[in-house]
Amino acid sequence: MNYLNIKAPYLLFQEIVNDELYVDKSLLIEKISKKIRTNGKYICITRPRRFGKTINAAMLGAYYTLGYDSQELFHRLAIEQTPDYKKHLNKHNVIYIDFSQIPDLCEDYREYLISIIKKIRLDIKEYAPNTKIDDYDSLSSLFTSLEENFIFILDEWDSIFYKKFMTEEGKQEFLQFLKGLFKDQPYVELVYMTGVLPITKYSIGSELNMFDEYNFINDTIFDHYFGFYEDEVKELCKKHPTVSYEEIKLWYDGYHTSNGKSLFNPRSVNKALTRGICLNYWTETGPMNEIADCIEHNIDEVRDDIIKLVAGICVEIDLKGYSASEQRLFTRDEILSAMVIYGFLSYHDRMLQIPNYELMEKFQSVLSRESFGSVKEIIDDSKKLLEATLSFQEQTVAEILESIHDKEIPILKYNDENSLSCVITLSYLYARNHYWIEREMHTGKGYCDFIFFPKKHGMPGIIIELKMGHSCKEAIRQIKNKNYMQKLSSCKKILLVGINYNKKKHHECKIESYDFN
């Protein structure tokens, strides 16, 4: 068998359950089972890469597939305690297809689709040997002739869309194939489909309008089954204390469920705890370059939004979605929606933000592109700014900030101290290579504007306090009076930096050294 009642999902889920970092998401089964043979039986769940789609698809396949005894896999999992646990356990014919499995040397969309159709026909021939499969010119008529019911679990439905040989015509043919196979067919008990790209938004002619789609923008039903909750991550960190929870949170938190609960990137959490170090595990592969290209080709639409987000300012917008069949995204709404769908931005209560440190690093590289003009110059100058700060070059620091302020970028025009804080965030982007930077950090006696925590032992900590229309001395005096230094008590040396934007509309800087005795 290629797809029908195969053991592959059972074996895959068996490996996953036995992993010491497995997080139980089995109650998803209860939610999905309630959709069988209902108006909601067509489900398309889209999430960014590595957010648990394949794990959950394998779990569902292992649970539903006829001919196996999966009780050992679900023993002690949450689903075992539900009243209808055994109602659907290993009692359904399941067609399980991983669409990311493409034939060797496949160079044409039709080769890909013909291969899938051929394998399904062979499965049916093996399942019902007396069936004359050549008498039926479509899979739907062949399935109907069996007078049996089937659950379809389709993982990574959109994989073929990323192939260079995939044309717009091919995309529409693929959608028509799925429509013919599923829509209003009597043999369909459930279709559970996963992918990255949205499906209903760009199905021209509404070929797949029977699907209920659940994505990062609109999902209020299944959102907490994809990604890790705070409590789940804390428990993992207790069991595997290779990396602190605080560091994991800084790197990989920042997404949200519909009710506002914090959500972590699961792949990155797993990799960090396995390897004992936080790195960019998730963003090293995938469509970041494509998203960067979208930004670059629509620079006027989204440039200010991206600058604000990198500076730590949330962007308010009412996202509607986008047409993923387009290789180029044209409008601000389409571009920002795509970045949410891909997981590069988080979206909650109509507010966009860059989720975490892992993504912030990538956005910094995007801002370094030539197309960002003056912003690229700021990024280039940020290394000089850090060097000037570390070497107590107060005048140089003031001059660099003055130069940045003079750039023709609306966000950099000062209205209040918060605007000055945004400029500082952008100006010290390079410092993130060497420091964890906390903005408006509570210290017990107030909120410090910026605290730079060194990543490497021996580097000085940095505290920056901002003022507008006052003085640098006053800023440093506030740092000392409120004892902001306590947050950097592990550092032998701390630089106290006061920055003021005076009444003459010029920048001033004063830097003092503070040593712990």
Side-chain angles (χ1 to χ4, degrees), residues 1-19 21-36 40-68 70 73-74 77-79 88-102 116 119-120 123 150-162 178 181-182 188-199 208 211-216 219 221-228 265-267 270 286 341 343:
M1 290 289 189
N2 299 287
Y3 304 130
L4 176 57
N5 295 337
I6 58 174
K7 197 172 184 178
Y10 176 96
L11 295 175
L12 177 55
F13 189 61
Q14 184 180 52
E15 290 181 4
I16 293 164
V17 167
N18 291 333
D19 192 292
L21 291 173
Y22 173 68
V23 173
D24 184 359
K25 300 289 184 179
S26 63
L27 288 180
L28 173 65
I29 295 170
E30 183 180 38
K31 294 266 190 181
I32 298 298
S33 292
K34 291 178 180 178
K35 302 288 186 179
I36 294 174
K41 66 182 178 182
Y42 299 103
I43 300 167
C44 181
I45 294 180
T46 59
R47 286 297 187 277
R49 295 168 298 106
R50 308 292 188 171
F51 255 78
K53 300 187 299 297
T54 295
I55 291 174
N56 285 338
M59 177 180 70
L60 293 172
Y63 176 79
Y64 291 122
T65 302
L66 188 70
Y68 301 94
S70 301
L73 298 184
F74 297 97
L77 297 187
I79 187 62
H88 298 284
L89 181 64
N90 301 130
K91 293 179 180 176
H92 296 266
N93 288 311
V94 173
I95 300 286
Y96 182 93
I97 303 177
D98 178 356
F99 279 109
S100 68
Q101 301 298 315
I102 296 177
I116 292 172
K119 288 176 181 177
I120 292 176
D123 284 351
F150 296 85
I151 286 178
F152 293 82
I153 298 176
L154 312 174
D155 193 27
E156 305 292 352
W157 80 271
D158 54 343
S159 294
I160 191 66
F161 282 58
Y162 298 105
L178 295 177
L181 186 58
F182 301 133
V188 174
E189 289 190 297
L190 174 78
V191 182
Y192 177 89
M193 189 157 63
T194 77
V196 175
L197 298 178
I199 189 167
L208 299 176
F211 276 91
D212 289 321
E213 182 180 313
Y214 304 89
N215 59 46
F216 248 162
D219 191 356
I221 307 296
F222 304 109
D223 52 359
H224 54 287
Y225 299 112
F226 298 87
F228 290 165
N265 183 312
R267 172 182 168 81
N270 274 316
I341 296 296

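Model, not experiment: these values are computed from the prediction.
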Rounded to the nearest 0.5 Å, how far does [atom2] of [Y] lie from [atom1] of [X]?
X: I79; Y: I29; atom1: CD1; atom2: CD1; result: 5.0 Å
X: T54; Y: D98; atom1: OG1; atom2: CG; result: 6.0 Å
X: R49; Y: R267; atom1: CZ; atom2: CZ; result: 8.0 Å
X: L77; Y: Y63; atom1: CG; atom2: OH; result: 12.0 Å
X: L190; Y: H88; atom1: CG; atom2: NE2; result: 9.5 Å
X: L73; Y: L11; atom1: CG; atom2: CG; result: 9.0 Å

Is any side-chain heavy atom of [X] less than 4.5 Å from a side-chain heavy atom of [Y]?
X: I43; Y: K41; answer: no
X: E189; Y: H92; answer: yes
X: Y225; Y: L27; answer: yes
X: F211; Y: V191; answer: yes

Reference residue F152; test ring-ring contact (aromatic ring centres under 6.0 Å, His included); the match among F182, F99, Y192: F182

Residue among F226, F51, F222 satisfying ring-ring contact (aromatic ring centres under 6.0 Å, His included) with F216: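 Filter result, single survivor: F51.
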
Derivation and outcome, side-chain contact (heavy atoms from CB on, under 4.5 Å), residues F13 and L60: CA-CA 9 Å; F13 189 61; L60 293 172; over 6 Å; no

No-hydrogen, no-angle side-chain donor-acceptor test under 3.5 Å, T194 and D155: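 Looking only at side-chain atoms, D155 and T194 do form a donor-acceptor pair, the distance falling under 3.5 Å.
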
Donor-acceptor pair between S33 and Y64 side chains, under 3.5 angstrom: yes

side-chain contact (heavy atoms from CB on, under 4.5 Å) evaluation trace for I153 with I151: CA-CA 7 Å; I153 298 176; I151 286 178; 4.0 Å; yes

Steps toward side-chain contact (heavy atoms from CB on, under 4.5 Å) verdict (Y42, V188): CA-CA 9 Å; Y42 299 103; V188 174; 4.1 Å; yes

Closest approach of [X] to [Y] (non-hydrogen atoms, all atoms of both residues):
X: P266; Y: R50; answer: CG-O, 3.5 Å
X: S70; Y: L89; answer: CB-CD1, 4.2 Å
X: K25; Y: H224; answer: NZ-O, 3.0 Å
X: L12; Y: A58; answer: CD2-CB, 3.6 Å
X: V196; Y: T46; answer: O-CB, 3.6 Å
X: N5; Y: T65; answer: CA-CG2, 3.5 Å

Ring geometry between Y68 and Y10 (parallel below 30°, tilted from 30 to 60°, perpendicular above 60°):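 Geometry flag for Y68 against Y10: parallel rings.
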
Aromatic plane relationship, W157 with F161 - under 30° parallel, 30 to 60° tilted, over 60° perpendicular: perpendicular

Any donor-acceptor pair under 3.5 Å from [X] side chain to [Y] backbone:
X: D123; Y: Y3; value: yes
X: D158; Y: L197; value: yes
X: D24; Y: A78; value: yes
X: K53; Y: P48; value: yes

side-chain contact (heavy atoms from CB on, under 4.5 Å) between L28 and N56, intermediate numbers included: CA-CA 8 Å; L28 173 65; N56 285 338; 3.7 Å; yes

Audit row: R47, D219, salt bridge (Lys or Arg N to Asp or Glu O under 4.0 Å) steps and yes/no: CA-CA 10 Å; R47 286 297 187 277; D219 191 356; 2.5 Å; yes

